[in-house]
Structure formats: C-alpha cells, structure tokens
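In this chain, residues are counted from 1 in sequence order. For ligands, and for the atoms within them, numbers begin at 1 and follow the listed sequence. Just so it is clear, the structure is predicted and the values come from calculations on it, not from any experiment.
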Amino acid sequence: MSAPDSAPAAAPLRLLLVVAVALVDVDGRVLVSERPAGKQLAGLWEFPGGKVEPGERPEQTLIRELAEELGIRVEEPCLAPLTFASHAYPDFHLLMPLYVCRRWTGTPRPMEGQALRWVRPKALRDLAMPPADAPLIPFLIDLLEV
Ligand SMILES: Nc1nc2c([nH]c(=O)n2[C@H]2C[C@H](O)[C@@H](COP(=O)(O)OP(=O)(O)OP(=O)(O)O)O2)c(=O)[nH]1
C-alpha cells in the first residue's frame, strides 16, 4: 500500500455543549459576569451559564448554574431560546445555545466572588467578551434596543 499524498486530517475537535442566558432587567440591560483569574478566558465578560453535565437537559443546567453562580431561582418556562454560538477554540468546538430570561426570583449576586455588570446590549460591543460571544450581540441588540 502506498503512503497517502497529503498529511492525515487533523483529529476532529471535541464538541462541548455549554448553555448561557441573557438575564434582562426592566431597563433592557443584560447581566454579564467576569471570568475569574486562573480560568481559561480569564477577565473576559460572559453570559451566565456553564457546561451541560451528563443526564441534564440544557434548561436544567441553566437553572442549576443560575442558582450556583447568582443565587436566583428561575422557572423553566421563563427561559426563551434566542440563538446559539458555534465557535472553534483551539482545543474544543463550543456549541452554546443562548436563552433570554426576564423573570426570576431573588437578586443576582456574585455567589462565586465574580464581578457582575448590567449593560445595555449596544455596550456589549465595547466589552471584552470571549470570541464565541461576538456573533450573539446583534441578536440582543435587535431584541432589546428600541
Ligand atoms: N458561561 C459562558 N461560557 C462561555 C461563554 N462564552 C464562551 O466562550 N464560553 C466558554 C468558556 C468555557 O470554555 C465554557 C464554559 O465553561 P464553564 O464556565 O462551565 O467552565 P469553566 O471554563 O469556567 O471551567 P470549570 O467550570 O470546568 O472549572 O464556555 C459565555 O458567554 N458564557
């Protein structure tokens, strides 16, 4: 058998399913959270959320993450799908549905010591966010900016 002419194809990137949410306040601002020092993408502002664990539905993941990260309670019918991110990082491919939520119980607070900010959707363009998040911003502007 002869050797192949071209180099072997690179191994496919592992697909990582992460779910995120834009919490929207009465003024139409969305909550972003700063990734802590020491983690990948540290210092960048992201939407609350996290990895979908085995056996979880994405909505269950969000409800769990919002309780853990922000100390708020969200009911599943209050999570409305908006769009998704599909982005190749060097070591994995991120698939990240983005939900919108306008109703929750409690006041979001930094349960893990992370910095939090409420920002207008247009102001997200000036914020340092993970590269996967940039294509999500126009959807939030269309939905929320008058
Ligand atoms: N929650 C969230 N994650 C995002 C966003 N944009 C983006 O690229 N990500 C990436 C960063 C991480 O690689 C992954 C989220 O994983 P994660 O927050 O559960 O995990 P992590 O990296 O903090 O690490 P760990 O929980 O395993 O310690 O998705 C976003 O807007 N929100």
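- Side-chain atoms of Y89 and Q40 include no donor-acceptor pair closer than 3.5 Å.
- Of the possible polar contacts, none joining the R73 side chain to the G106 backbone as a donor-acceptor pair under 3.5 Å is found.
- Note that the CZ atom of F47 and the CD atom of E65 stand 15.5 Å from one another [nearest 0.5 Å].
- Put simply, OG on S33 and CG on L23 are 10.5 Å apart, with the number rounded to the nearest 0.5 Å.
- For H93 against S86, the heavy-atom pair with the smallest separation is NE2-OG, 2.9 Å.
- Within the 4.5 Å cutoff, no side-chain heavy atoms of Q114 are placed close to those of R35.
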Please tabulate, one line per pair, the protein N or O atoms found under 3.5 Å from any N or O atom of ligand 1, giving the distance to one decimal.
unit_1, atom_1, unit_2, atom_2, d
ligand 1, 1 (N), F47, O, 3.1
ligand 1, 3 (N), E46, OE1, 3.3
ligand 1, 6 (N), D133, OD1, 2.7
ligand 1, 8 (O), Y89, OH, 2.6
ligand 1, 13 (O), Q40, OE1, 3.0
ligand 1, 18 (O), R35, NH1, 3.4
ligand 1, 19 (O), K51, N, 3.2
ligand 1, 20 (O), K51, NZ, 2.9
ligand 1, 22 (O), R35, NH2, 2.7
ligand 1, 23 (O), R35, NH2, 3.2
ligand 1, 23 (O), K39, NZ, 2.7
ligand 1, 24 (O), K51, NZ, 3.4
ligand 1, 27 (O), K51, NZ, 2.7
ligand 1, 31 (O), F47, N, 3.1
ligand 1, 31 (O), D133, OD2, 2.5
ligand 1, 32 (N), F47, O, 2.7

